[in-house]
Amino acid sequence: NLDCSCEVVPTNILLINTKNWKADNLFEKLKLFKAHNPKIKPHIWFILGTIISKIKLLDYKYDYTEEFWLKQLPVFSCSQDTEQAYQAFLSHSKKPAIITFAGPAPFLEGCNHSYRDLWWKYAKKTEIYESIKINKLEKLLELLNKNRVYVNYSRMWPYIKPIWFRALLSMLICIPIGSLDAVIALALKPYMDLVMVEKSISSPWYIPLGIVAFTSIQGGLKYLSAYLSTWVGMKITNGLKFDLYKKLLTLPTSFYDTKNSGDVVFQFNNMADNACSGLLNNLSVFTQRIFSSVSLVCVLFYNSWQLALIAVFVLACAFAPVAKLQKRIKSVMERTVVADAAIITAYNETFNGNKTITSYNLQNTEIDKFAWILKNVLNLRIKMVQKTQWLSPMMHVIVSVGIAAAIGYGSHLIMSGTITSGNFVSFITALILLYTPVKNIGNNLNSVQLSFFAIEQIFNKLDIVPSIRNKENAIVLNKAHS
């Protein structure tokens, strides 16, 4: 029963000569020592050293305690005895007989013991090895289960599985779509060097045709990606709506007493649209931009590694404030969903209760209530803008700093002959193409958060256990009984 959360493994070995143990009556002496010292809880070897008169010290090879000597290193110069003991310890360090792991356990990441691999060699031959593997796997799964992206996409997998091939194909098409962004930037280098700078008559005529060809291919792939994403998204949406509708029919009447019609429509219908549209669209967008960024960064390093380092550093700085966005918008998003549902409720109540409103002359009351709902929606929309749209101007500023630094240092590299004008123009084009999506990342992240919120709300509804349900292993009545 190895506890893999512990930091120290008790690996001390005690060899007992049972004949001498009985002859010296050591068991009774231990009991007597315990009775006279109830509060002392020392190690067993300390107790034995106290009650046994004859003590013989063994060589250090029988207690290779590496961590102890590492801690003693600073005081070696202060004690000659310690220095001699350390030298004696070193003499047995290559062939120890008994190894003691006095620091972090060998199966923990913090263990730096030089014989850690030897411990694993013998551990693999024992039953505890399986316990350690299982424990590490459980910790990994625990971390994954706390990851919002993993949890949401894993819960959607049953709806993606029947159409996994088309879903995968829609994602794979995004790879060349993103990668082709680098073609234009890469083609500008030879064109600038040969035509604009050298004024060469034999201009590379194939460059304009190549740009048109690659752009046409990219456009066709975008159409195919949009078609597949829409088809897959609608299939997943319909699957979610079907299960939500089935769940709605199993809920007790008390559920409808506590919910408005707008809440039911929004949570059991609109949430599925929000979840799937954000799920696939944003996944496609991020896949395109990841491969677009990789290809464009390659173009940057191809033209000038010095300027590329500046550009990548600025890009990393631009993503720094993104981590704070999720916490800022979660509460506002929840209230926005409630407010949107209130609008649907107002329309449904007006349609169903129009006779009551007319009979009691409640038009002004309903108008005031609807005006309050719209005002609340407006305030929440403004709060959402305040909490998310600050990211875009900040990205613009950070990106402009990167472009300015590249132009400034790039001019120096051109004057010193390190790069050509073609390199510089190609670099700046790739840099602008790389930075442009980053400036609008706030809107994409907002959509991602809305999608994740919708997925969580959907499965909260699907996880509801009806109070009235079929008994397990119930007998099915296939024909009528009198």
Would a distance-only check, ignoring hydrogens and angles, find a side-chain to backbone donor-acceptor pair under 3.5 Å from K241 to A272? no
For the residue pair T418 and Q306, establish whether any side-chain heavy-atom pair is separated by less than 4.5 Å. yes
Is the shortest side-chain heavy-atom distance between L244 and N269 below 4.5 Å? no
State, yes or no, whether a side-chain contact exists between C276 and M234 at a heavy-atom distance under 4.5 Å. no
CD1 of I173 to OG1 of T287, rounded to nearest 0.5 Å, is 12.0 Å
Does the side chain of F453 reach to within under 4.5 Å of the side chain of M271, using non-hydrogen atoms? yes
Spacing of S451 atom OG and M156 atom CE [to the nearest 0.5 Å]: 7.5 Å
How about L248 and Y256: do any of their side-chain heavy atoms sit closer than 4.5 Å? yes
Please answer whether the main-chain N or O of L221 pairs with a side-chain N or O of S225 as donor and acceptor at a distance below 3.5 Å. no
Begin with the C-alpha distance, continue with both residues' side-chain angles, and end with the deciding distance and a verdict on side chain to side chain contact (heavy atoms under 4.5 Å, CB included) for L251 and F268. CA-CA 12 Å; L251 298 177; F268 287 81; 4.0 Å; yes
Considering only heavy atoms from C-beta outward, does the side chain of L462 approach that of R155 to under 4.5 Å? no
Looking at L309, L434, L307, which one forms a side chain to side chain contact (heavy atoms under 4.5 Å, CB included) with L300? L434
Are V312 and F301 side-chain neighbours, meaning at least one heavy-atom pair lies under 4.5 Å? yes
Interatomic distance, W231 atom CH2 to L169 atom CG [nearest 0.5 angstrom]: 11.0 Å
Considering only heavy atoms from C-beta outward, does the side chain of N274 approach that of F266 to under 4.5 Å? yes
Please answer whether the main-chain N or O of A226 pairs with a side-chain N or O of S229 as donor and acceptor at a distance below 3.5 Å. no
